[in-house]
Protein chains: 2
Amino acid sequence: MLNGKGEQFRISTQTSEIILKAAAEYNYFPNRIARGLRLEKTETIGLIVPDIANQFFSSMAKTIEIESRKNGYSIFLCDSLDNISTEKELLNLLAARKVDGIILAPVGTGSDHINEFSKNGIPVVIIDRYLPDTKIPYITTDNYLGACQAMEHILAMGHRVVACIQGLNGISANEDRVRGYKDTLNNNSIAVDNSLIVGDDFGEETGYVQAKLLMKRNNPPTAIFALSNLISLGAMRAISESGLKIPDDISLVSFDDQPYSALLASPMTTVEQEKDEIAVRAVNILLERITGAKDERVIEKIMIKPKLIIRKSVREM
Amino acid sequence: MLNGKGEQFRISTQTSEIILKAAAEYNYFPNRIARGLRLEKTETIGLIVPDIANQFFSSMAKTIEIESRKNGYSIFLCDSLDNISTEKELLNLLAARKVDGIILAPVGTGSDHINEFSKNGIPVVIIDRYLPDTKIPYITTDNYLGACQAMEHILAMGHRVVACIQGLNGISANEDRVRGYKDTLNNNSIAVDNSLIVGDDFGEETGYVQAKLLMKRNNPPTAIFALSNLISLGAMRAISESGLKIPDDISLVSFDDQPYSALLASPMTTVEQEKDEIAVRAVNILLERITGAKDERVIEKIMIKPKLIIRKSVREM
DNA sequence: CTGTTAGCGCGTTCAT
DNA sequence: ATGAACGCGCTAACAG
């Protein structure tokens with residue numbers, strides 16, 4: 001009876017005002033649980049991220065929460081701890097909680113469980129990467145383009161031996177970045193040296209360990225392209241421990257701009273992902289699927305252009 | 001019927017196994033919405049923070065989510081945008097969603113709405129600060145102690161003119177830190193110069209503007225104590241723009257350790273808050289109040305000791 | 001020990 | 001134009 005629109009259908013002025021005053025006076029709010037049970041929609045969205053403490057995900061979470069709330073939806077926050085079986089459990093948990101839809105930043109390379117899950121009728125939108133051979137809409141950064149932009153800059157500054165510390169092998173975000181790295185080298189007539197492509201996860205430790213190894217090579221790289229903010233953080237730690245300076249001794253470019261990027265020992269050149277746009281569009285696409293506003297045979301596959309922010313971490317050779 | 005414990009009360013082996021297999025086979029999960037309506041508890045917790053994109057809150061959110069999930073609870077994430085009327089709306093929203101409890105990192109200085117809200121029976125636990133004259137349990141950093149530790153270090157390094165860029169005036173976290181700053185000066189027989197206590201919010205801009213002004217003084221401070229991570233970020237920007245170096249030209253200590261603190265131009269000495277412990281204890285206290293496990297006349301008022309991490313941003317005079 | 005039923009609060013439908 | 005009754009899926013209470 002007090003659903004806020006029922007009144008408009010019948011009496012406009014009198015009843016509405018009385019009801020509203022009474023509601024305010026008695027501090028009445030409709031029970032969303034009962035409403036959810038009855039309507040078979042809860043106006044909730046599940047958000048699963050591998051690590052909410054990571055600035056990249058927390059700033060998208062912020063935008064997702066705000067944009068969802070504007071539309072009456074609340075967010076169940078779930079941290080999959082970068083663990084694929086946790087991610088699986090979380091999908092089931094959210095299903096049991098009858099969320100209307102899920103925004104998922106997947107973990108690892110396996111995706112069978114996601115494809116399987118998406119058959120159950122709860123709409124899923126994927127962010128940050130995409131799955132091969134899937135019917136699930138996604139919205140990510142154009143990682144290939146971002147890597148090309150970064151590499152073009154490094155090469156334009158005169159570097160010829162450029163290492164790449166990559167993240168988790170096999171996922172689209174990583175593969176696209178590596179492909180951009182290789183293609184840009186090739187386009188500039190520099191042979192790809194596979195021994196300069198190292199690393200296997202997006203964590204800080206990978207950056208640290210691999211940077212140390214790279215610096216010990218006989219023919220060390222003059223520049224490093226780090227494929228995540230944590231990798232560059234680790235690489236900086238290694239470089240700093242070795243007594244070397246950026247960019248004098250070695251240059252560094254990182255994927256993912258951070259609030260502190262401009263304030264580092266050497267303000268860092270980064271590939272900035274348009275997190276806000278990814279987040280807003282993910283919410284809007286999900287809401288369209290929830291409300292059925294759009295032909296669901298259309299699978300959105302969206303890549304947002306990143307932006308190269310040139311600071312002072314690449315030396316001119 | 002399928003609540004997972006009913007079986008244990010009756011048949012142990014046979015029925016349980018049959019049910020479990022059937023449940024797995026048909027991929028059945030009990031509907032948590034219906035359950036919530038029936039039991040009048042939803043096993044959900046509302047988390048309200050002023051800015052989830054802030055590392056300080058996002059890492060606590062991570063721990064809160066994980067710790068809650070261990071106990072079967074899911075988290076509604078709400079970002080109050082540092083806006084007190086949004087915070088108010090969110091409290092009501094969470095009440096309408098029938099959360100079993102709320103963890104709140106409050107915004108601003110006003111707290112009447114929180115006291116008012118807490119009378120409605122939904123348990124609230126406050127983190128990051130405390131409210132004056134309230135019956136709501138809280139768990140925060142011992143901000144007074146943290147400020148004393150930082151100031152003792154600065155003074156021990158020989159500084160005598162030390163500025164303090166503070167955050168939002170009037171809230172406990174800020175007042176306790178300022179009190180620690182003043183008391184430590186007094187204990188070391190240095191008169192407090194109120195013109196060296198500047199700033200009025202925790203943002204980056206405050207740090208930037210106030211640091212610029214401080215450096216222009218006739219008798220500029222040799223050290224700055226920044227009362228938040230964003231303030232120190234802004235101060236660093238100002239110092240860097242002025243062509244000055246930390247710690248050679250000016251020393252800096254900041255509240256809130258960050259992942260990048262060790263990797264800055266000058267690795268920064270910080271007061272690290274024990275975020276994990278605050279988060280875990282907040283969840284546990286809230287759960288105790290939800291389940292009624294503890295005498296609710298006991299109002300927990302907990303302060304966790306912070307840790308001074310000494311790096312290289314303070315010069316020996 | 002097992003099967004049946006009432007009712008949580010809402011929105012919808014059907015009957016006035 | 002309004003009011004009464006039903007049912008969403010679950011669990012607790014009760015009857016058999």
Legend entry - Beyond-backbone contact of B/Glu300 with B/Lys294, side-chain heavy atoms, under 4.5 angstrom: yes

Inset, instruction - Round to a whole Å and report the spacing from CZ of B/Arg97 to P of C/dC8. - result: 22 Å

Inset, instruction - Measure the distance from CG on A/Leu37 to C1' on D/dC10 and round it to the nearest whole Å. - result: 8 Å

Legend entry - Protein-nucleotide distance (B/Leu39, atom CG; D/dC8, atom C1'), rounded to Å: 16 Å

Legend entry - Per A/Tyr28 side chain, nearest of listed nucleotides D/dC10, D/dA12, C/dC10: C/dC10

Legend entry - Side chain of B/Pro30 (C-beta onward), nearest among D/dC10, C/dC10, D/dA12: D/dC10

Legend entry - Side-chain touch A/Val298/A/Glu288, heavy atoms, less than 4.5 angstrom: no

Legend entry - Nucleotide C/dC8, atom P - distance to CG of B/Asp100 in whole Å: 19 Å

Inset, instruction - Would you kindly give the CD-to-P distance between A/Glu40 and C/dG11, to the nearest whole Å? - result: 14 Å

Legend entry - Atom-pair distance (NZ on B/Lys41; C1' on C/dG9), nearest Å: 19 Å

Inset, instruction - Check the distance between C/dT12's P and A/Arg35's CZ and give it to me in whole angstrom. - result: 8 Å

Inset, instruction - Show your working on side-chain hydrogen bond (donor to acceptor under 3.5 Å, both in side chains) between B/Arg97 and A/Ser74 and close with a plain yes or no. - result: CA-CA 9 Å; B/Arg97 290 213 180 270; A/Ser74 295; 2.7 Å; yes

Inset, instruction - Answer with yes or no whether the side chains of A/Tyr130 and A/Asp176 bring together a donor and an acceptor at under 3.5 Å. - result: yes

Inset, instruction - Whole angstrom is fine here: how far is it from CZ in B/Arg32 over to P in D/dC10? - result: 12 Å

